[in-house]
2 protein chains.
Amino acid sequence: MDVDTRLLRYFLAVAQEGALTRAAERLHVSQPALTKQIRQLENLLGVRLFVRSRTGMALTEAGRTLADRAPALLAAWEQALRETRETASRAARVLRVGFLASAANEATQRIIAAFSLRRPGWRVDMRQAAWTDPTAGLADGEVDVALVRLPFPGQDALRVRVLFTEPRWVALPEGHPLATRDQIRFDELWDEPFVAAPAETGAWRDYWLATGERRGRAPRIGAVTDQPDDWLNAIANGYGVALAPESAARFYARPGIVYRPVTGVSPSQVAVAWTPSAQNNPVVQDFVHCCLENTPPPHDQPA
Amino acid sequence: MDVDTRLLRYFLAVAQEGALTRAAERLHVSQPALTKQIRQLENLLGVRLFVRSRTGMALTEAGRTLADRAPALLAAWEQALRETRETASRAARVLRVGFLASAANEATQRIIAAFSLRRPGWRVDMRQAAWTDPTAGLADGEVDVALVRLPFPGQDALRVRVLFTEPRWVALPEGHPLATRDQIRFDELWDEPFVAAPAETGAWRDYWLATGERRGRAPRIGAVTDQPDDWLNAIANGYGVALAPESAARFYARPGIVYRPVTGVSPSQVAVAWTPSAQNNPVVQDFVHCCLENTPPPHDQPA
DNA sequence: TGCGTGTATAACCTTCTGGCATGGATGTGG
DNA sequence: CCACATCCATGCCAGAAGGTTATACACGCA
């Protein structure tokens with residue numbers, strides 16, 4: 001009786017959403033594909049998991065039983081996966097470092113150099129993560145340690161140390177009325193369309209839309225992108241504006257886009273993060289120390 | 001990162017056998033198929049799990065890590081599967097009963113009738129198991145309770161009550177020199193070719209070859225079968241002889257085959273078995289009581 | 001040199017999965 | 001009362017994946 005973790009993920013999504021249509025959306029597959037997969041899972045087990053109705057899909061008792069156990073199964077698999085990868089990188093003397101585009105920026109060079117001095121036999125494998133994964137691969141076990149920006153979903157399950165903070169600016173298309181101003185109040189941007197991160201990034205998306213600083217007004221979404229390049233294009237083409245760390249003005253300068261300081265939004269925090277299981281990995285800890293020693297002050301307190 | 005339990009099973013088989021060729025045999029797939037699957041698993045994880053050599057496949061450190069965790073993952077899945085199916089059958093008021101061909105024989109009718117009286121609202125779903133599964137579906141969660149013969153592999157993980165015992169006889173082709181004898185000593189059969197169960201049935205196969213009563217002499221295998229019909233044909237066609245419970249003489253009588261009593265082999269035990277998790281399932285316990293009350297004596301002690 | 005024991009590759013077939021378009025059932029609002 | 005929105009199910013097609021057989025390649029050994 002062989003099952004794919006994919007089937008379990010699909011099943012859980014339907015169980016949680018209570019409807020094929022919404023679950024399909026969340027999973028980025030078409031609704032007919034989900035219909036077929038769920039039916040196949042039921043056939044495989046020989047058990048009806050849902051009762052169908054016009055209002056959606058409701059779990060049967062048996063479905064409830066499976067839905068209760070599936071999350072632990074998936075988590076156990078993820079855990080085994082992480083540990084396997086960690087063993088591999090340790091055996092090969094490779095430290096896998098994930099980073100978000102424009103996370104630590106110029107500090108990165110210094111950190112790597114310092115780490116190379118401290119661990120001469122080790123190689124550093126830098127991996128840039130897509131924006132859809134604000135943990136930069138840490139959640140999947142793709143990397144041992146990551147340079148990230150706070151806050152992000154799942155942050156509580158990881159160990160985090162803040163390295164420094166940086167003001168958030170706004171990126172505007174060149175011809176925008178506000179583009180000539182030296183400084184902009186955030187409330188002036190409330191009604192602007194924003195270029196946003198995909199919905200599945202949750203708290204991350206909200207943070208860069210600054211929903212907390214809008215006094216309850218919903219943001220307008222002009223476009224959704226998940227890569228730096230798409231993001232820049234969307235802004236340059238006038239689909240919307242976007243908040244970005246100050247350093248983006250240097251690292252993502254491009255004709256057609258201007259960056260301006262914004263008041264009234266909290267600064268962005270750059271941090272180094274690792275998994276609890278790497279707490280006792282001396283190489284990871286060495287890297288963390290190199291981060292702390294090669295970035296400007298406010299990195300005393302854990303976040 | 002989606003994985004199939006099949007991939008984990010394949011991986012474990014190769015890890016345990018230390019060679020693709022032998023593992024492929026055990027898994028009943030071709031060696032090239034296994035080669036591809038293992039490579040795919042490695043690509044999926046981005047980790048080398050084995051070092052290849054002419055002498056076989058040796059686990060890497062990372063492979064060792066995964067091999068240590070995989071059995072628990074598979075067991076957890078099997079457990080969830082069993083519980084889900086059990087919930088389903090309980091909700092539908094169906095008791096799924098597995099049985100081996102010729103397990104309880106004539107007693108079966110009485111047991112079912114008694115159970116129907118005790119649990120009027122319930123339906124009994126009888127499922128005959130293939131000989132390749134001496135647990136009659138209990139191990140996979142296909143059934144809630146099973147009528148089996150002892151001993152079988154995995155018996156210790158289940159709850160078992162012996163119902164009665166039955167002498168083992170021998171089934172011979174009609175023209176066989178011993179076919180005219182009233183009674184046969186087992187040592188007279190030591191050099192006969194036997195019709196055996198498939199190798200993967202382990203202790204079950206050994207029991208019906210009576211390897212324990214051969215004083216260390218290896219049995220001769222004349223044919224391997226996994227269905228009653230094949231088994232009867234193999235014997236009738238003279239590929240070998242086979243031990244069988246006395247009742248087979250009634251239930252599997254057929255021209256070309258004679259059954260004769262054998263001395264020097266222990267009797268076969270017929271038992272009812274259930275999983276530890278069904279220990280508190282009152283319906284299963286009712287069925288067990290019906291078994292005990294509708295079979296001849298020696299069912300006082302748990303086996 | 002030929003054989004046995006390993007793994008890898010090639011060519012081919014079948015099954016599975018996903019996407020799109022569409023159908024059927026059932027409420028809901030103008 | 002009809003048009004529309006919201007569900008899930010079905011049919012059809014393309015591409016990917018798993019399986020099989022035949023064969024290649026590497027090596028130790030008689």
Side-chain angles (χ1 to χ4, degrees), chain A residues 1-60 62-63 66-67 70 74 77 132 198-200, chain B residues 1-60 62-63 66-67 70 74 77 199-200:
Chain A
M1 184 60 39
D2 286 317
V3 187
D4 206 313
T5 53
R6 178 174 38 82
L7 274 177
L8 288 183
R9 289 192 299 108
Y10 284 11
F11 164 72
L12 268 185
V14 176
Q16 287 164 3
E17 297 287 345
L20 281 176
T21 318
R22 283 190 299 282
E25 212 165 302
R26 190 169 109 187
L27 295 168
H28 300 118
V29 295
S30 68
Q31 168 263 312
L34 242 196
T35 296
K36 278 190 282 195
Q37 292 300 307
I38 295 297
R39 181 185 303 283
Q40 165 167 342
L41 180 61
E42 290 182 330
N43 288 342
L44 211 56
L45 308 193
V47 167
R48 270 281 275 283
L49 299 170
F50 296 97
V51 286
R52 278 82 166 161
S53 74
R54 39 221 132 296
T55 72
M57 311 269 285
L59 283 170
T60 61
L66 185 59
L74 291 176
W77 162 244
T132 44
E200 64 262 33
Chain B
M1 185 59 42
D2 286 317
V3 187
D4 207 311
T5 53
R6 178 174 36 82
L7 274 174
L8 289 183
R9 288 191 301 108
Y10 284 10
F11 165 72
L12 269 184
V14 176
Q16 286 164 4
E17 296 288 344
L20 282 177
T21 319
R22 282 190 299 281
E25 213 165 303
R26 189 169 111 186
L27 295 167
H28 300 117
V29 295
S30 68
Q31 168 263 313
L34 244 196
T35 296
K36 276 196 287 193
Q37 292 301 307
I38 296 297
R39 182 187 302 284
Q40 166 168 342
L41 180 61
E42 290 184 329
N43 288 342
L44 210 56
L45 308 193
V47 168
R48 269 281 275 284
L49 299 170
F50 295 98
V51 285
R52 277 84 165 157
S53 72
R54 40 218 128 298
T55 72
M57 312 268 287
L59 284 169
T60 60
L66 185 59
L74 291 176
W77 162 244
E200 65 262 33

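The sequence lines fix the lettering, A, B, ..., with proteins before strands; numbering per chain opens at 1. These numbers were taken from a predicted model, which means no experiment stands behind them.
The heavy-atom pair separating D2(B) from R6(A) by the smallest distance is OD1-N, 3.3 Å. The minimum heavy-atom distance linking L59(A) with A67(A) is given by the pair CD1-CB, 4.0 Å. Nearest heavy-atom pair across Y10(B) and L27(B) is CD1-CD1, 3.5 Å.
One atom, CG of D2(B), and another, C1' of dC16(C), lie 15 Å apart when rounded to the nearest Å.
To the nearest 0.5 Å, the span separating CZ on R52(A) from CZ on R39(A) amounts to 5.5 Å. Here the straight-line distance linking atom CZ of R22(B) with atom CG of L34(B) works out to 12.5 Å at 0.5 Å rounding. Atoms CZ and CG, from R9(B) and L74(B) in turn, are 8.0 Å apart once rounded to the nearest 0.5 Å.
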Practice problem: Could you encode protein contacts along nucleotides 4-9 of chain C as a string, one character per nucleotide from 5' to 3', using B for base contact, S for sugar-phosphate-only contact and - for no contact, with a heavy-atom cut-off of under 4.0 Å? | Solution: --SBBB
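Side-chain atoms of T21(B) and E25(B) form no donor-acceptor pair, as typed in the model, at a separation below 3.5 Å.
Listed by residue number, the members of residues 3-13 of chain A with any heavy atom below 4.0 angstrom from DNA chain C are R6(A), Y10(A).
Considering only side-chain N and O atoms, Q40(A) lies nowhere under 4.0 angstrom from the phosphate OP1 or OP2 of dC16(C).
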Practice problem: With side chain to side chain contact (heavy atoms under 4.5 Å, CB included) as the test, would you mind laying out the steps for L66(A) and V47(A) before giving the verdict? | Solution: CA-CA 11 Å; L66(A) 185 59; V47(A) 167; over 6 Å; no
Exercise. Go through F50(B) and L20(B) one step at a time and tell me if the side chain to side chain contact (heavy atoms under 4.5 Å, CB included) criterion holds.
Key: CA-CA 11 Å; F50(B) 295 98; L20(B) 282 177; over 6 Å; no
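Side-chain atoms of Q40(A) never come within 3.5 Å of backbone atoms of L7(A) as a donor-acceptor pair (strictly under, hydrogens ignored).
If you walk DNA chain D from 5' to 3' and mark each nucleotide with an atom closer than 4.0 Å to a heavy atom of chain A, the marks span dC7(D) to dC12(D).
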